[in-house]
Amino acid sequence: MTKAKKVPDIMKYRTIALICLFISIPINVINTGSWWLTIIGISLLAIFFIMTLTLWKCPACKTRLPLRFDKEKDVNDIYRCPYCDTKFIGGEIID
C-alpha cells in the first residue's frame with residue numbers, strides 16, 4: 001500500500017491557470033478595439049503567468065516545474081517532477 005503525504009494541490013492551481021490562458025487567447029485575438037475586452041484578456045493572461053510562476057513548483061523539492069503543457073496527457077493525471085522524480089496527484093505526494 002502506498003503512503004501519501006498531504007501537500008498543496010498544485011494541479012488544481014495549474015488547471016485554473018491554464019483555463020485563464022485558454023480563455024485569454026481567443027479574447028485577445030477576436031478583440032476589435034473594445035477596451036473592456038482588452039482589460040479582461042490581458043488580466044487573464046497576467047493571472048496565468050502569476051499563478052504559473054508562483055504556484056507551479058514541486059511540493060517536494062520546491063523547484064519551478066516546466067511551463068510546457070502536454071496535450072497528450074490530462075492535466076489531472078499523476079505528475080512526476082523531472083528534477084527529484086517525486087510523483088504527486090490531488091494534493092498528495094505518492095511514495
Side-chain angles (χ1 to χ4, degrees):
M1 184 169 154
T2 60
K3 196 167 78 172
K5 178 184 170 192
K6 282 298 226 185
V7 293
D9 189 0
I10 66 166
M11 298 306 284
K12 179 173 55 174
Y13 300 142
R14 181 67 170 168
T15 302
I16 293 168
L18 287 173
I19 289 170
C20 289
L21 174 67
F22 294 145
I23 292 173
S24 73
I25 291 172
I27 287 175
N28 287 324
V29 169
I30 63 173
N31 185 4
T32 59
S34 176
W35 63 271
W36 60 275
L37 278 178
T38 302
I39 291 172
I40 291 172
I42 291 174
S43 297
L44 288 172
L45 194 60
I47 290 169
F48 164 74
F49 281 113
I50 291 168
M51 287 184 76
T52 299
L53 294 175
T54 59
L55 301 173
W56 187 235
K57 296 180 181 179
C58 175
C61 68
K62 306 295 185 214
T63 305
R64 186 172 298 128
L65 296 170
L67 294 178
R68 72 181 181 272
F69 175 71
D70 189 0
K71 67 179 181 178
E72 300 298 324
K73 293 183 180 179
D74 189 15
V75 176
N76 296 322
D77 283 347
I78 294 176
Y79 190 86
R80 183 182 300 262
C81 176
Y83 306 108
C84 68
D85 208 34
T86 301
K87 294 186 289 186
F88 50 92
I89 184 172
E92 294 181 344
I93 293 177
I94 303 169
D95 290 335

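Hydrogens, waters and symmetry mates are skipped; everything else that's a heavy atom, side chains included, is used. Along the sequence shown, residues are numbered consecutively beginning with 1.
Under a hydrophobic-cluster definition in which Ile, Leu, Val, Met, Phe, Trp and Tyr are linked whenever side-chain heavy atoms come within less than 4.5 Å, directly or via other members, Leu21 and Val29 are assigned to the same cluster.
A distance of 9.0 Å separates CE of Met11 from CG of Leu18, quoted to the nearest 0.5 Å.
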N/O donor-acceptor pairs under 3.5 Å from side chains in residues 32-40, not counting sequence neighbours:
| from | atom 1 | to | atom 2 | distance (Å) |
| --- | --- | --- | --- | --- |
| Ser34 | OG | Trp36 | NE1 | 2.7 |
| Thr38 | OG1 | Asn31 | ND2 | 2.5 |
| Thr38 | OG1 | Ser34 | O | 3.0 |

Under 3.5 Å, sequence neighbours excluded: what are the donor-acceptor pairs made by side chains of residues 44-60?
| from | atom 1 | to | atom 2 | distance (Å) |
| --- | --- | --- | --- | --- |
| Thr52 | OG1 | Phe48 | O | 2.8 |
| Thr54 | OG1 | Ile50 | O | 2.6 |
| Trp56 | NE1 | Pro66 | O | 2.9 |

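Taking Arg80 as the reference, Asp85 meet the side chain to side chain donor-acceptor pair (under 3.5 Å) condition, with sequence neighbours excluded.
When side chains are defined from C-beta on, Cys81 counts as touching Leu65, because their heavy atoms get closer than 4.5 Å. Using a 4.5 Å cut-off on side-chain heavy atoms (C-beta onward), Ile16 and Lys12 make contact.
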